[in-house]
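Reckoned from all heavy atoms, side chains included, excluding hydrogens, waters and symmetry mates. Each chain gets a letter, A, B and so on, in the order the sequences are listed, and its residues count up from 1.
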Number of protein chains: 2
Amino acid sequence: MKKITIGEASRQSGVKVPTIRYYEGIGLLSAPSRSEGNQRSYEPADISRLVFIRHARELGFEVDAIRTLLVLQDDPNQSCASADAIAKARLIDVEQRIRSLMALKVELEAMVAGCGHGRVDQCRVIEVLADHGQCAHNHH
Amino acid sequence: MKKITIGEASRQSGVKVPTIRYYEGIGLLSAPSRSEGNQRSYEPADISRLVFIRHARELGFEVDAIRTLLVLQDDPNQSCASADAIAKARLIDVEQRIRSLMALKVELEAMVAGCGHGRVDQCRVIEVLADHGQCAHNHH
DNA sequence: CTACATCCTCTAGCGACTAGAGGTGCAAGG
DNA sequence: CCTTGCACCTCTAGTCGCTAGAGGATGTAG
């Protein structure tokens with residue numbers, strides 16, 4: 001079994017070196033064995049775990065949610081109700097964010113379109129920001 | 001001219017009290033005059049500025065960008081090219097985020113739909129996360 | 001005059017990293 | 001064998017945009 005250095009693990013998983021050490025620190029990744037010179041030595045399973053974590057992070061899952069998902073992954077006999085719940089919650093969140101961003105896009109487009117590249121006092125960018133009543137973006 | 005307390009300013013602007021003090025600390029908002037008892041006393045113009053800041057933050061502008069926008073707002077004779085550039089950059093960013101989130105939504109929907117509420121080893125949520133090759137979500 | 005809300009300053013914490021200092025390990029070339 | 005130079009180690013502190021809490025002063029209503 002060839003030893004995988006942290007740099008190699010980083011290249012293979014797409015997770016940056018300091019981030020791997022950080023994940024170890026917060027207990028997302030168990031501490032690997034060390035070489036004689038105290039250097040971390042990973043195994044293929046660790047790479048899979050890192051890929052799993054990276055992918056979950058890219059999907060916007062929080063570290064705490066990933067912790068739960070990892071526990072589920074380690075025990076395949078469990079019910080996947082928790083995993084399902086986490087994914088569903090995340091889906092609702094994503095849908096909400098898409099809605100906000102779409103509304104926001106409309107506003108930004110109006111701002112940019114309304115800017116005649118003249119002076120600031122004719123610029124809709126500033127105007128829209130200053131006058132909240134003009135836009136559809138309401139709160140509480 | 002009646003004095004506006006920080007609490008009143010907060011209510012009128014929709015910016016929380018500690019956040020107002022924070023904005024003063026980082027120089028987004030100039031320090032207001034104080035009452036005899038050392039309490040901040042705001043004027044209507046400060047409320048407008050706070051509303052401007054809040055709205056810009058809601059649109060996702062970073063504090064540094066807002067700083068620039070505020071400078072522009074204070075000098076209406078300037079060209080609005082900078083404001084336009086900031087808004088355009090923000091628009092591109094928002095469009096990019098919408099695209100990622102849409103891709104993500106598709107993946108999450110597949111995960112949730114594929115989960116038969118059985119055991120973890122049949123669960124697509126875990127599976128999709130573990131096997132990056134299965135999804136359309138590619139990076140660098 | 002007393003109760004109580006609101007204000008003050010200050011420091012520390014959040015999430016999820018990222019950057020840098022200061023030192024050690026290791027593989028390859030001369 | 002020795003040096004070069006990169007990759008590794010630990011540790012602390014910084015990032016962003018706040019938020020929370022301690023511990024104390026002020027302002028207002030009854």
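Distance B:Glu58 CD to D:dC18 P: 11 Å, rounded to the nearest Å. Summarising the geometry, the separation between CD on B:Glu62 and P on D:dG17 is reported as 6 Å, rounded to the nearest angstrom. Per the geometry, CD belonging to A:Glu24 stands 18 Å off P belonging to C:dA16, to the nearest Å. Note: CG (B:Asn38) to C1' (C:dC7) measures 9 Å, nearest angstrom. Taking atom OH of A:Tyr42 as the reference point, atom P of D:dA7 lies 16 Å away to the nearest angstrom. Rounded to whole Å, the distance from CD1 on A:Ile20 to C1' on C:dC17 is 13 Å. Atom C1' of nucleotide D:dG27 and atom CZ of B:Arg34 are separated by 15 Å, given to the nearest angstrom. The distance from atom CD1 of A:Ile6 to atom P of C:dC26 is 15 Å, rounded to the nearest whole Å.
Salt-bridge annotation for A:Asp74 and A:Arg49: present, with a side-chain N of the basic residue lying under 4.0 Å from a carboxylate O of the acidic one. Between B:Arg90 and B:Glu62 no salt bridge is recorded (no basic side-chain N to carboxylate O distance below 4.0 Å). Salt bridge A:Arg21/A:Glu24: absent, no basic N to carboxylate O contact under 4.0 Å. Between B:Arg99 and B:Glu95 there is no salt bridge, since no side-chain N of the basic residue sits under 4.0 Å from a carboxylate O of the acidic one.
The phosphate of C:dG15 (OP1 or OP2) has no side-chain N or O of A:Tyr22 nearer than 4.0 angstrom. Regarding contacts with the backbone of C:dA16, every side-chain N or O of A:Tyr23 stays at 4.0 angstrom or more from both OP1 and OP2. A sub-4.0 Å separation between OP1 or OP2 of C:dC7 and a side-chain N or O of B:Ser35 is absent. Remark: A:Thr19 is not in phosphate contact with C:dA16, judged by side-chain N or O atoms under 4.0 Å from OP1 or OP2. Distances shown here put a side-chain N or O of A:Thr5 below 4.0 Å from the OP1 or OP2 atom of D:dC8. In this structure, A:Lys16 does not reach the C:dC17 phosphate: none of its side-chain N or O atoms is under 4.0 Å from OP1 or OP2.
The nucleotide whose nearest atom lies closest to any side-chain atom of B:Arg40 is, among C:dC7, C:dT9, D:dT19, C:dT9.
Of the possible donor and acceptor atoms, one in the side chain of A:Arg57 sits under 3.5 Å from a partner among the backbone N and O of A:Phe61.
Within the nucleic acid shown, A:Arg21 comes within 4.0 Å of at least one base atom, counting heavy atoms only.
When each of B:Asp64 and B:Glu36 is assigned the nucleotide of DNA chain D bearing its nearest heavy atom, the one mapping closer to the 5' terminus is B:Asp64. Both A:Pro18 and A:Gln39 sit near DNA chain C, but only A:Pro18 has its closest nucleotide nearer the 5' end.
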